[in-house]
Engineer: 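Following this message is one structure expressed as structure tokens.
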Protein chains: 2
Amino acid sequence: MPKAPRNQPSQSLSGAEWEVMKVIWNHGPQAARDVYAALPDDVSWAYKTVKTLLSRLVAKGALDYEQIGNSYLYRAAVARDQMTRKEMRGLFSRVTGAALSPVLAHFIEEADLSDDEIRQLKRQLDAKRSKSQKGKKR
Amino acid sequence: MPKAPRNQPSQSLSGAEWEVMKVIWNHGPQAARDVYAALPDDVSWAYKTVKTLLSRLVAKGALDYEQIGNSYLYRAAVARDQMTRKEMRGLFSRVTGAALSPVLAHFIEEADLSDDEIRQLKRQLDAKRSKSQKGKKR
DNA sequence: GACAATCGACTACATCTGTAGTCCAATGCG
DNA sequence: CGCATTGGACTACAGATGTAGTCGATTGTC
């Protein structure tokens, strides 16, 4: 069975670590070799670098692994959404004081949203408005 | 006149550096002592720490200074919006590939938005939708 | 004019990150 | 069976970051 990670549920990930996690989130559990192979072309790390990152991710509790034969099968131990939210919260708190809305605007602008998602978000904004108080800007 | 910073326009800021920049963006040009005094209560650094951060910010080109008497008056050399955007772009590129919509929904839920801001975001979503419908150009 | 308080420059040092490399054991190949 | 290969554990090392401290010059205070 998978190694029990007695680590903190998970701290935040560095840029390189995110790159590795994305491979695992996208393709499911992978051996180090496969993660290495699946990395985007613009990421050109030595295999050993990938190994290091995988180990650090296990130490952080973001991955766990299962021994298959002589090698490990790494699997995500945290949800991608959870991590994304954590990052966004971190960004918000770092820039706090700035209005939040421009930040949201930025992501809406950049995000690749389907019509459905757009409708959904609009509904949500409506719901919020009706519930909202006499909010003054900033 | 202000020292000319022959540095890169500006790299990205660390969390602690952001804290210092926020003081200067909020209160305008300040001496180190004043930045120190103006930091939020939950930030309890030694004065020397603030000095270190100010120097690093100058080195990064995020601040410049003017000598007034025997001390420096630090002033922002980059706009807050510019920096905020940079952070957002960084985060965005780090997490790309994820479905952002659930995450956006989460933050819309938590954000304290004014009616005005809500209207604005909705307009933006509309604009996005019409743009994504390839056949249909207004 | 002597001295304490301050200033900025420089130094310190533990972590975290990016980016590998070394070493030994297990495996696969011939 | 013996060796080249591959895997994981551990080590390496420079740059960024958090968090200060030391030192010599300057200045404000009697």
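Remember, predicted model here, so these are calculated numbers, not experimental data. Below, chains carry the letters A, B, ... as their sequence lines are ordered, and counting in each starts from 1.
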Engineer: Base, sugar-phosphate, or nothing for A/Arg33, non-hydrogen atoms under 4.0 angstrom?
Structural biologist: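 Counting heavy atoms under 4.0 Å across all strands, the contact made by A/Arg33 is with sugar-phosphate only.
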
Engineer: Between A/Gln124 and B/Ala105, which heavy-atom pair has the shortest distance, and what is it?
Structural biologist: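 What the structure gives for the nearest pair is NE2-O, 2.8 Å.
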
Engineer: To the nearest angstrom, how far is A/Leu57 atom CG from C/dC16 atom P?
Structural biologist: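 After rounding, the reported distance stands at 14 Å.
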
Engineer: Check residues 49-57 of chain B and write down every donor-acceptor pair under 3.5 Å in which the side-chain atom is one partner and the other belongs to a residue at least two apart or another chain.
Structural biologist:
unit_1	atom_1	unit_2	atom_2	d
B/Lys51	NZ	B/Tyr74	OH	3.1
B/Thr52	OG1	B/Lys48	O	3.0
B/Ser55	OG	B/Lys51	O	3.1

Engineer: For the pair made of CH2 in A/Trp18 and C1' in C/dC16, what is the distance, rounded to whole Å?
Structural biologist: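 So the CH2-C1' distance, A/Trp18 to C/dC16, works out to 18 Å.
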
Engineer: Is NZ or CZ of A/Arg75 both nearer than 6.0 Å to the six-membered ring centre of A/Tyr65 and within 45° of the ring axis?
Structural biologist: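 No.
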
Engineer: Specify the residue among B/Leu73 and A/Thr49 whose closest nucleotide of DNA chain C lies further upstream toward the 5′ end.
Structural biologist: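 Whichever sits nearer the 5' end wins; that is B/Leu73.
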
Engineer: Could you tell me from which nucleotide to which nucleotide of DNA chain D, 5' to 3', there is an atom under 4.0 Å from chain B heavy atoms?
Structural biologist: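 Listed 5' to 3', the contact boundaries are D/dT17 to D/dT27.
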
Engineer: Out of A/Glu117, A/Lys122, A/Arg123, which residue meets the side chain to side chain donor-acceptor pair (under 3.5 Å) rule with A/Gln120?
Structural biologist: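 Looking at A/Glu117, A/Lys122, A/Arg123, the match for A/Gln120 under the side chain to side chain donor-acceptor pair (under 3.5 Å) is A/Arg123.
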
Engineer: Which sits closer to the 5' end of DNA chain D, A/Ser71 or B/Trp45, going by the nucleotide each is nearest to?
Structural biologist: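 Its nearest nucleotide lies further toward 5', so the answer is A/Ser71.
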
Engineer: Provide, to the nearest angstrom, the distance between the NZ atom belonging to A/Lys51 and the C1' atom belonging to C/dT19.
Structural biologist: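 From A/Lys51 NZ to C/dT19 C1': 15 Å.
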
Engineer: Do A/Trp25 side-chain atoms and A/Val20 backbone N/O form a donor-acceptor pair below 3.5 Å?
Structural biologist: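 Checking the backbone N and O of A/Val20 against the side chain of A/Trp25, no donor-acceptor pair under 3.5 Å is found.
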
Engineer: Are there any protein N/O atoms within less than 3.5 Å of an N/O atom in nucleotides 22-30 of chain C, and if so, which ones and at what distance?
Structural biologist:
unit_1	atom_1	unit_2	atom_2	d
C/dT22	O4	A/Lys48	NZ	3.2

Engineer: Please classify the nucleic acid contact of A/Ser14 as base, sugar-phosphate, or nothing, using heavy-atom distances under 4.0 Å.
Structural biologist: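 The residue A/Ser14 makes sugar-phosphate contact but no base contact.
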
Engineer: Can we say A/Lys60 and A/Glu17 salt-bridge, meaning some charged N sits less than 4.0 Å from an Asp/Glu carboxylate O?
Structural biologist: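 Yes.
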
Engineer: Out of curiosity, does A/Phe92 fall in the hydrophobic cluster containing B/Ile118 (side-chain heavy atoms, cut-off under 4.5 Å, transitive links)?
Structural biologist: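 The answer is yes; both residues are in one hydrophobic cluster.
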
Engineer: Does C/dT19 have OP1 or OP2 under 4.0 Å away from a side-chain N or O of A/Tyr47?
Structural biologist: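 For A/Tyr47, the contact criterion (side-chain N or O under 4.0 Å from OP1 or OP2 of C/dT19) is not met.
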
Engineer: Between B/Leu53 (CG) and C/dG8 (P), how many Å, whole number?
Structural biologist: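 Between P of C/dG8 and CG of B/Leu53: 14 Å.
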
Engineer: Is there side-chain contact between B/Glu19 and B/Lys22, with at least one heavy-atom pair below 4.5 Å?
Structural biologist: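 A side-chain contact exists here, since the closest heavy-atom pair is under 4.5 Å.
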
Engineer: Round to the nearest Å and state the distance from B/Asp34 atom CG to C/dC7 atom C1'.
Structural biologist: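 The distance from CG of B/Asp34 to C1' of C/dC7 comes to 14 Å, rounded to the nearest Å.
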
Engineer: Check every strand shown and say whether A/Thr52 touches a base, only sugar-phosphate, or nothing at a heavy-atom separation below 4.0 Å.
Structural biologist: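 Base: the residue A/Thr52, judged by heavy atoms under 4.0 Å, touches a nucleobase.
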
Engineer: Starting at CD of B/Gln67 and ending at C1' of C/dT6, how long is that distance when rounded to a whole Å?
Structural biologist: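 Between C1' of C/dT6 and CD of B/Gln67: 13 Å.
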
Engineer: With a 4.5 Å limit on heavy-atom distance, are the side chains of B/Asp115 and B/Arg119 in contact?
Structural biologist: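 Yes - at least one pair of side-chain heavy atoms lies under 4.5 Å apart.
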
